[in-house]
Every structure is written in C-alpha cells, then in structure tokens.
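To start, the structure itself, in structure tokens.
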Amino acid sequence: MSAPHATPEPAAERLHFIEERVQADVAQGLHGGRVHTRFPPEPNGYLHLGHAKSICLNFSLTQRFGGRCNLRFDDTNPTTESVEYVESIQRDVKWLGFEWNELYFASGFFESIYEFAEELVRKGLAYVCDLDAEAMRELRGTLTAPGKPSPFRGRSVDENLDLLRRMRAGEFAEGARTLRAKIDMASPNMNMRDPVLYRILHADHHRTGSAWRIYPTYDYAHPLCDALEGITHSICTLEFENHRPLYDWVRDNCSTPHKPEQIEFARLNVTYTVLSKRKLLRLVNEKHVSGWDDPRLPTLSGLRRRGYTPSALRTFCERIGVAKFNSTIDVVQLENALRDDLNKTAPRAMAVLRPLRLVIENFPEGEVDELEAVNNPEDPAAGSRKVPFSKVLYIERDDFRVDAPKDFFRLAPGKEVRLRYAYFVTAKSFTLDPATGEVSEVVCTYDPATRGGNAPDGRKVKGTIHWVSAAHAVNAPVRLYDHLFAAEFPEEVPEGQDFLVNLNPKSLEVLPNAQLEPSLAQLAPGKSVQFERHGYFVADALDSRPGAPVFNRSVALRDSWAKIEKKPANAKPASGRK
RNA sequence: UACCCCGUGGUGUAACGGUAACACAAGUGGUUUUGGUCCAUUCAUUCCAGGUUCGAAUCCUGGCGGGGUAACCA
C-alpha cells in the first residue's frame, strides 16, 4: 500500500451469484465472518458429473474465502444405502482433487436430532400421527386445494412424548405412525402441510445397525446436521427451493447452535447423457453398461476409466458457471476441457487402428532404421524417443484411397506423402482382396534423402501420415467409445416411452487388432497418450497390463478433414427442442 | 388450475441503470512434419408490451414461455 501505481486494476473477477452472496455475508460479518460448506451425498449411488459440479462449487468457495468444507453422508434412509457407496464416494472426491475438513455422517447425529424432536413436541410444534401413507395423502390436499388437519393433530404434549418414545423403542409396526411438524395444512407450499419428521423403519442401518427403529426425513435432518456442523452456507440444487421455508422452520424452532442459510443453484445437465441417480442405477442394474465404472457413463469412476483427468473435470466445472437458469451444457464442452488438458500433458505415439500393409519396394529387406520422434510438441521437456522403421509397415486404411479427391492430402496411387518422422514415400501400386474387393496391400518407394521427414531439394508434400513397423508392432485391442445415447436430450421421449429407447447402439466399438508402436506396450494402466492424428487414449485401468495393453479412447482429436468431406452432403437443419 | 424459481448470440456464463463481454460451437483466413495445437477474423440491440428515467439487459406493471412442487426418497 506504500506505492500506488498507475497500473490499471486487474480485471474484476467474475463472481457467480453464490460467491457474491457469500462475499456479502462475510463483509457484513454474518456467521462471524466464517465460510463453512459441505458436500452432502446420500450413499445410495456413485458420484457423477453433476456431483462434480457441486463438489467444485462447495470446495472452491472455501478456497476463495478461506473457509472449510465437510464431507457429510446424508444417510437417513437405510433401505437404499450401503458402505460400497460410502467408499466409492470418498475415493471419487479425493480423486477429483479435494480434501474435506471433517467427515460426518447424518447418522452420527441421530441422537441430537432425536432430542430436537422432543423439543419440538414439548413446544407443541410436532405431533405423532397415526395416519397411514394413503390417508395422509388424502388429507394433504392438492396443489390447488388446501389440506385438512389430521385427527391426531390435537394430541397433548405428554401423549406425543410418550408415543414418540415408544416409536423409538420399536413398539409399533413399520409405517404405523409418524412424527409430523405442526405447521399449516392450508399452506400453498406443500412442504409446509405438516411434513413428516420421523418415520418408523424396522431396517438396520449400515452404520448404526439396529439401534434405531425410527429415521429422520431429509427435510428434518438436513438443516439440523448443517447447524450442528456449523455450516454457514448450505448449497443445494433448485428442486429444494420450495423446501427452504421448511429448512428455515426447523432451523429456527430448534435450539441449534448455528443458523445456516440454504442457497439453491441449477443442477447440471449435459447433452447425450443422463445425470440422474435413478436412471444411472437402471443402466447399471439392467446391464446396459458393464458397471458403475463403464467408460461411457458420466459417473466419476466411469470418466476416470475413460481417461478423464481430475484437472479437466475441474476446468469443465469452472467454465460452465453457476446460475439458477435451467440449462444443458453441450457435451463438447466436456470433451474440450479434456483435450485442453491432455494436449499439454499427454505423450504422443503412433498407433494404427485399422491396419493396411504398406511395402516399400526399394527399402532393404531385413534392415531396421531407428528414427527420432518427438514425444510432445507442446512440451519440449518431454524429449524424444526412437521408433523402428522397416520394409513392411502398417498404415491407416483411411490414409489410402484408390480414387482420391483433389483435396485428399494422404496416400493415393502416384501421390507422395510423408511418413511421420521417417521418409517421403510414393504409392506405386496396390492389390485388392478378391473376396472383399478391399485394398489389401499398397506398394510404394521411398526417398532415402528424406530421412527425418524433410527433402533436401525443398520439395513439399501436403500430407503426413502415421505408421508402425509390422515386424515391431504390438497387437492390442482398442475400444472406441461414442455417446451412450444417440439423442441430444435422452430424456425427451414420446409419450409412454422410456429413455432407454435413445441408447446409442454404437456407443462401443472394439478394434481387436490395432497395431501400436513398441513403446506403447509398457504403458502403465491409467496412463494417457495421444495416438497421433486419432485422439487421446488411456491404458485401461482394469484390463491393461504391461506387455499386453488395452486402450480406451478418451476423446478423439478435432477432425477437420471429416468436416470437409461431409460438406457437399449439405448440412441438415438444426434439430430444436420442442 | 395454486405457489416458488427462471428467461441475454447455436450452447452456456458476464455486464450490479450509462450505449452487450468471455468461453465453446459455426464460418473465413494464416501457420504447421498430427487435416491436432496455435494465431487472426465474422456471427446477439438482451421473450413481448407498457411504464419510470436524460439514459433500461438491468427498476416497476402486465402478458408469454420454460422449470419445480401433491414419497413415511434425497
């Protein structure tokens, strides 16, 4: 502050509405100036991209404002939850790159939560109701008609207390009674029509075992957990907006130590996929995918196996922003975040996915030339490697055309191209497979003077193609993944139909005999590489092992040649949503 | 037919009453031993109608459109 400068103010950082809100709270000294958030998953499924948005949001807030963030398992419904999920969730949050401050379970607060229930009963703000689910629904009214009070609404405090304790003790059948808040059966907000606080569930809990026969509902337990943990900003998605009055009611009517505030934001939607636990669970259970970690799934474990990096995911979450508008992010946004990351970090290698034999007639039989190849043109520190070159190579089938259009820069009869890091070659002849009519082999000549890829006489070639020496090639399966759904908005289906009708039958293509350059054989499972001119691939974490690699395509490179080729075929009208 | 929220280019996000910014997509051109990367450039008067104001994407009113809400799920 001693030296004022003429330098312009740094461009003001763009804060989203939650950051602005938190900033204002801190400035006003609310919550004692503290910022404490939490990520509160229910352990009843695997984390997905939508959770990543929430995780990044909650943790980045604490990074920006110097606060804390807890991981809290919202385990109030033992019938759908399990330790498998608890474990996978912790693994995924850590993998994404975040470290929580405290680890809590809602179930760890069950005793306190129960005590607050007795408090509400004593205050005359809660009562035990004997209505079953159907009867309760009938009395609740509808969106346009007010509800009617339960006949049990007027029970005395003593009777309610007695009944509540006996509920806890397991004296009543499952579903026989509930503890309800006494609020307003005529409220236009359905959540305020005497919502259920506790229900009887004779189910064992993955953490509390058989200790409890009653379990608190989300609406009741959540604000209390927040308050007990000292959460200042309880961030959740838009569908809980209508629950906020109830959140506040619970918070304000129980003598909690803190008064957290709930803030809602729009959940993430992404084209060509689904981000709802229910739907993901169906895909897994009904075996439309291989499991929670299927590389086509938007689960964090699936994305990880697909080759997505934590950094790419965080970048994605930053770029998409946070708002209250219900939007759908184009999946290319996700793919770009990955490309941006891997372009800088992934080593390059040559891999021929659909091999075609290329014989160099004037190259000496049995001779092997070791050529220098750059590991990553974006990162000089990555160095270089030697790649063996010999008389018989494999090139990509797509890189040779018998009848080539003028703008086809690759190999064709009589045309000269550069073999990357090697030599210029000119196609002389080719043979066809009599059975299929496809090209089975191409014969060419090479120019020994062009070793390394440059012609001393200065002549240029338009195309550079990749190759692998047949004698040195590593044979490996390569899996090409495409969108799991063929429809941009998979959930939009005709009346009576299921989102599964939109599954993409071509979401997985396995190429059993890809030919890889030798260096690829030893790549560690989980490591990413760029197959030059193809895309980014990862050695599969489960199926790949040194010496016998298996690759998954994480994302393809942008392909402007594909666009050029498509052009004459006329763009089809953009399909809009109805 | 109730209540709540939302409505800025193709898709998202910003502009906090002073003449629309950023990212991605799309197009065009350039560089290039990846048809990759990179660079340059083009593309919206802010759902509609009134009102307040010297001035409105921003404030007010009314429409229209979209989303959410009637589990003892979260």
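Lettering of chains follows the sequences in order, A, B, ..., and the numbering in each one begins at 1.
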In whole Å, I'd like the distance from the [atom1] atom of [X] to the [atom2] atom of [N].
{"X": "A:Glu335", "N": "B:U11", "atom1": "CD", "atom2": "C1'", "answer": "14 Å"}
{"X": "A:Phe17", "N": "B:U58", "atom1": "CZ", "atom2": "P", "answer": "20 Å"}
{"X": "A:Phe489", "N": "B:G66", "atom1": "CZ", "atom2": "C1'", "answer": "13 Å"}
{"X": "A:Leu334", "N": "B:G12", "atom1": "CG", "atom2": "P", "answer": "15 Å"}
{"X": "A:His466", "N": "B:U34", "atom1": "NE2", "atom2": "C1'", "answer": "10 Å"}
{"X": "A:Ile564", "N": "B:A26", "atom1": "CD1", "atom2": "P", "answer": "13 Å"}

Should [X] and [Y] count as an ion pair when the cut-off is N to O under 4.0 Å?
{"X": "A:Asp447", "Y": "A:Arg459", "answer": "yes"}
{"X": "A:Glu239", "Y": "A:Lys324", "answer": "no"}
{"X": "A:Glu261", "Y": "A:Arg251", "answer": "no"}
{"X": "A:Arg213", "Y": "A:Asp204", "answer": "yes"}
{"X": "A:Arg533", "Y": "A:Asp399", "answer": "yes"}
{"X": "A:Arg72", "Y": "A:Asp226", "answer": "yes"}
{"X": "A:Glu372", "Y": "A:Arg385", "answer": "no"}

**Q.** B/S/- contact track for nucleotides 67-74 of chain B, protein heavy atom under 4.0 Å
**A.** SBBBSBSB
Base, sugar-phosphate alone, or nothing: which one does [X] contact when heavy atoms must sit under 4.0 Å apart?
{"X": "A:Phe325", "value": "sugar-phosphate"}
{"X": "A:Val461", "value": "nothing"}
{"X": "A:Phe408", "value": "base"}
{"X": "A:Glu264", "value": "nothing"}

What is the distance from atom [atom1] of [X] to atom [atom2] of [Y], rounded to the nearest 0.5 Å?
{"X": "A:Cys236", "Y": "A:Arg267", "atom1": "SG", "atom2": "CZ", "answer": "10.5 Å"}
{"X": "A:Phe408", "Y": "A:Glu565", "atom1": "CZ", "atom2": "CD", "answer": "7.5 Å"}
{"X": "A:Tyr423", "Y": "A:Asp369", "atom1": "OH", "atom2": "CG", "answer": "3.5 Å"}

Below 3.5 Å is the cut-off: list the nitrogen or oxygen pairs between protein and nucleotides 22-25 of chain B, distance only.
unit_1, atom_1, unit_2, atom_2, d
B:C24, O4', A:Gln333, OE1, 3.3
B:C24, O3', A:Asn336, ND2, 2.8
B:A25, OP1, A:Asn336, ND2, 3.4
B:A25, OP1, A:Arg558, NE, 3.0
B:A25, OP1, A:Arg558, NH2, 2.6

Could you label the plane-to-plane angle of the [X] and [Y] rings as parallel, tilted or perpendicular, counting under 30° as parallel and over 60° as perpendicular?
{"X": "A:Phe39", "Y": "A:His51", "value": "perpendicular"}
{"X": "A:Tyr114", "Y": "A:Tyr198", "value": "perpendicular"}
{"X": "A:Tyr272", "Y": "A:His483", "value": "parallel"}

Q: Mind listing the residues from residues 369-387 of chain A sitting with a heavy atom below 4.0 Å of RNA chain B? Number order is fine.
A: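 Those residues are A:Pro377, A:Glu378.
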Q: Please figure out whether A:Leu557 or A:Asn454 has its closest RNA chain B nucleotide nearer the 5' end.
A: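 Nearest-nucleotide comparison on RNA chain B picks A:Asn454.
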Q.
I want to confirm an ordering. Mapping A:Glu532 and A:Val322 to their closest nucleotides on RNA chain B, which one lands closer to the 5' end?
A. A:Val322
Q: Using the P atom as the reference point in each nucleotide, state the distance between B:G12 and B:A74 in Å, no decimals.
A: 31 Å
Q: Sticking with atom P, work out how far B:A40 lies from B:C24, rounded to a whole angstrom.
A: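 Result for the P pair: 12 Å, nearest Å.
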Q. Quick one: is A:Ser327 getting a side-chain N or O under 4.0 Å of the B:U13 phosphate, OP1 or OP2?
A.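 The answer is yes; a side-chain N or O of A:Ser327 sits under 4.0 Å from OP1 or OP2.
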Write out a two-atom table: protein N or O, nucleotide N or O from nucleotides 44-47 of chain B, distance below 3.5 Å.
none

Q) For A:Asn44, which of A:Glu81, A:Arg278, A:Lys277 qualifies under side chain to side chain donor-acceptor pair (under 3.5 Å)? A) A:Lys277
Q.
Ring centres under 6.0 Å, that's the criterion: do A:His534 and A:Phe531 meet it?
A. no
Q) Does the separation of the ring centres of A:His222 and A:Tyr218 fall below 6.0 angstrom? A) yes
Q. How should the glycosidic conformation of B:A26 be described, syn or anti, under the criterion that syn lies within 90° of 0?
A. anti
Q) Based on Watson-Crick and G-U pairs with both distances under 3.5 Å, what dot-bracket line describes RNA chain B 5' to 3', crossing pairs as [ ] and inter-strand pairs as |? A) .((((((..((((....[..)))).(((((.......)))))....(((((..]....))))))))))).....
Can you give the donor-acceptor pairs under 3.5 Å from side chains of residues 135-143 of chain A to other protein atoms, not counting sequence neighbours?
unit_1, atom_1, unit_2, atom_2, d
A:Thr142, OG1, A:Thr144, N, 3.2
A:Thr142, OG1, A:Thr144, OG1, 3.4
A:Thr142, OG1, A:Ala145, N, 3.0

